[in-house]
Amino acid sequence: MGWDSALLLSLAVDAVMLTWVVVPAVLLGILVGAIPGFSAQNTLIILLPLTLAMDINTALAFMVSLYCATHLGGGIPAILVNMPGTGGAAATTLDGYQMTLKGRAQQALVLCFVASTVGGLVTSIATVALLPFLAQVGMYLRSVEMVAVMVFGLVLIAAIAADDPLKGIIAGFFGLMIGAIGTDHIYGTPRAAFGFLELYDGVPLVPALIGLFAISEAFSMMERSTIVPRSAVVDSRAHWADTIEGLRLSLKYWWLTIWTSFVGLLIGVVPGAGASIASFVAYQQARMFSKTPDEFGKGFAPGVVAPESANNGVTSGTLVPLMAIGVPGGSTAAVMMVVLQYHGIVLGPRLFIESPDIAYGIFFSMTLSYIVMLFTILPLARYMSQVVLIPTRILVPLILSLTIVGAFANREYVFDMGLALVFGVIGYIARKTNYHVTAILIGIILGPLFEQYLLRSLRIGQGDLTILFSSTTGNVLWAFVVLSVLLPWLRSRQQERQRRIERETPSALTGDQPR
């Protein structure tokens, strides 16, 4: 399609005219995303009659705005109370909550909001320009290449377990074992389901996420009166200076925001990949290329920026296969597909010729929603950060009530409520014994996908493992995997050597022998 300036101007004006529907959708989406267990998919299904009654452009603007806002909203509880609202925000807890414990919740929220909105904004604009190319990305990333992408995420377990490798590996394998529960992807044989039909599709992610993070954290909160230590209460008071400091840090890491948002965009283009994988891969990549990888996990600003920008970069990516080839890139995109088909829209390459206002207009609406988000939520960071000052005797019953309902809302199985409580106990025990719950979650999320893509590849290669190294794209990804393991190790050795030299230098100058 040749770019027509009149068409672009028309699409921009149409998007602005839909602000009246974008604003409430953004506010609703942030609220939905901040409650663990509730998702854009469930909300859109509930509101499906309303969206079907709207004209197609209004309905798309509403759905896209709500969808993008849920990705931003998921980071709020992840930072404030160590409970990711969505799977895509799980990686944000690693550094976001540590910043809260240090009395820097407001700065962490600002970092989250700016990274989310800028990441989503940049990728939605880039998608309009790169749509024909991005539509081909899904074809280059087949089962063989996706095995390497999954390994990228799994490598993060090793990074998380740097302080105690044995416990990290045990937690990761425990997560992989839980992820193996369910029906085999190739032969359809149930494994470790113990007769529960609810587990035949595998362990559902939402109850696992809620249990490991939200319920276990609520159990831990019962043992203390405030979320943050008393020493950090004074630092947690709202100050505009913290908002400014958060903006300064956002500017400092602007390049990280840009390239991790593109990581999210590319992973989002692959159907079935999703925000969880994108945020973990982005976090791992940010740590790999950092000059101070040891700072990650201790309340380091890039540890919030990378997963949040990737988490929101996914939103544009998931819509690319939907619009370009008629294949939804995720569950929320599938709901949008229902609305588009209801209005008689034929998805695929001809959509860009016959209905460019819809094909490109959806990304203009997405751009507008991120602009609205930035200006509506950024001033609220000052007040949201005060949640950490609420006594836990009030927060804990509220969190438990909302999360148990959230566990039920995903599939509407009472079984899932009990499952969330079981994972809550597992998470609580893991926290008390210093096993990382994030390592368990990575195993649960990536384990089944890794197995699925690996078995498909081996089936294509008739059992020959060399099939994993048979494509150029795959080999490049494998090279990055090797680098992501070797670089932190080499850097650590270099820093250790430097510290040893610094310790020995004064002794050499004075002629004293080190004792």
Side-chain angles (χ1 to χ4, degrees), residues 26-40 42-43 68-102 104-113 115-116 205-222 224 226-228 236 246 275-276 279 283 299 303-304 307-308 311-312 373 377-378 380-392 394-407 409-410 420 423-424 427-428 431 437-438 441:
V26 162
L27 296 175
L28 179 62
I30 291 171
L31 181 65
V32 167
I35 302 174
F38 291 87
S39 65
N42 291 343
T43 311
C68 296
T70 53
H71 280 249
L72 183 147
I76 298 171
I79 290 169
L80 295 179
V81 286
N82 202 21
M83 300 175 188
T86 60
T92 308
T93 59
L94 293 170
D95 282 274
Y97 187 60
Q98 290 299 319
M99 290 183 75
T100 295
L101 292 180
K102 293 177 180 176
R104 299 171 61 199
Q106 195 176 333
Q107 293 177 25
L109 285 174
V110 173
L111 281 168
C112 167
F113 297 159
S116 298
L205 177 60
V206 171
L209 178 77
I210 286 174
L212 286 174
F213 282 89
I215 295 179
S216 68
E217 183 65 30
F219 289 162
S220 299
M221 279 184 191
M222 292 179 187
R224 53 186 195 268
T226 55
I227 294 175
V228 295
S236 300
S276 302
S279 57
Y283 187 92
V304 177
E308 282 302 315
N311 181 20
N312 286 271
M373 258 184 265
I377 200 166
L378 196 58
L380 299 180
R382 183 169 185 261
Y383 306 102
M384 286 182 180
S385 65
Q386 301 307 289
V387 168
V388 298
L389 300 179
I390 299 174
T392 53
I394 298 173
L395 271 181
V396 169
L398 186 65
I399 289 169
L400 286 176
S401 307
L402 288 174
T403 52
I404 291 294
V405 173
N410 185 46
F423 274 107
Y428 179 74
R431 289 175 193 273
V437 290
T438 309
L441 184 70

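Not measured: the values here are computed from a predicted model.
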To the nearest 0.5 Å, how far apart are CZ in Phe113 and CG in Leu72?
-> 6.0 Å

Of the non-hydrogen atoms in Gly87 and Leu209, which two are nearest, and what is the gap between them?
-> N-CD2, 3.7 Å

Using the salt bridge (charged side-chain N to carboxylate O under 4.0 Å, His left out) rule, collect all pairs that involve residues 68-85, keeping only residues at least two apart or in two chains.
-> none

Minimum side-chain heavy-atom gap Leu205-Leu441 below 4.5 Å = yes

CD1-CD1 distance between Ile394 and Ile399, expressed to the nearest 0.5 angstrom = 11.5 Å

Which value, rounded to the nearest 0.5 Å, describes the distance between Ile30 atom CD1 and Met373 atom CE?
-> 6.5 Å

State the CG-OH distance between Asp95 and Tyr97, to the nearest 0.5 angstrom.
-> 14.0 Å

Any side chain to side chain donor-acceptor pair (under 3.5 Å) involving residues 68-80? Give me the pairs, sequence neighbours left out, ordered by first then second residue.
-> His71-Asn311

With sequence neighbours left out, write down each residue that passes side chain to side chain contact (heavy atoms under 4.5 Å, CB included) with Pro397, or none if nothing qualifies.
-> none

Excluding sequence neighbours, so at least two apart, what forms side chain to side chain contact (heavy atoms under 4.5 Å, CB included) with Val396?
-> Ala218, Met221, Met222, Thr392, Leu400

Going from CD1 on Ile210 to OG on Ser216, what distance comes out if it is rounded to the nearest 0.5 angstrom?
-> 11.5 Å

With sequence neighbours left out, what residues match Ser279 under side-chain hydrogen bond (donor to acceptor under 3.5 Å, both in side chains)?
-> none

Determine all donor-acceptor pairs shorter than 3.5 Å in which one atom belongs to a side chain in residues 74-82; sequence neighbours excluded.
unit_1	atom_1	unit_2	atom_2	d
Asn82	ND2	Glu217	OE1	3.1

May I ask you to test the Thr92-Pro84 pair for a side-chain heavy-atom distance under 4.5 Å?
-> no

Candidate pair Ser220 and Arg431, rule side chain to side chain donor-acceptor pair (under 3.5 Å), full reasoning | CA-CA 9 Å; Ser220 299; Arg431 289 175 193 273; 4.6 Å; no

With side chain to side chain contact (heavy atoms under 4.5 Å, CB included) as the test, would you mind laying out the steps for Val437 and Phe213 before giving the verdict?
-> CA-CA 7 Å; Val437 290; Phe213 282 89; 4.1 Å; yes

What is the minimum heavy-atom distance between Ala108 and Val304, and which atoms define it?
-> O-CG1, 3.9 Å

Tell me, please, which residues at least two apart from Thr43 pass side chain to side chain contact (heavy atoms under 4.5 Å, CB included).
-> Leu28, Val32, Leu47, Leu66

Who pairs with Leu27 by side chain to side chain contact (heavy atoms under 4.5 Å, CB included), at least two apart in sequence or on another chain?
-> Val23

Minimal non-hydrogen separation, Ala214 against Thr403, with atom names | CB-CG2, 3.5 Å

Identify the heavy atoms of Glu308 and Ser116 that sit nearest to each other, and give their distance.
-> OE1-OG, 3.0 Å

Between Ile215 and Ile404, is a side chain to side chain contact (heavy atoms under 4.5 Å, CB included) present by the stated rule, with each step listed?
-> CA-CA 9 Å; Ile215 295 179; Ile404 291 294; 3.9 Å; yes

Quick one: list whatever passes side-chain hydrogen bond (donor to acceptor under 3.5 Å, both in side chains) with Thr93, sequence neighbours left out.
-> none

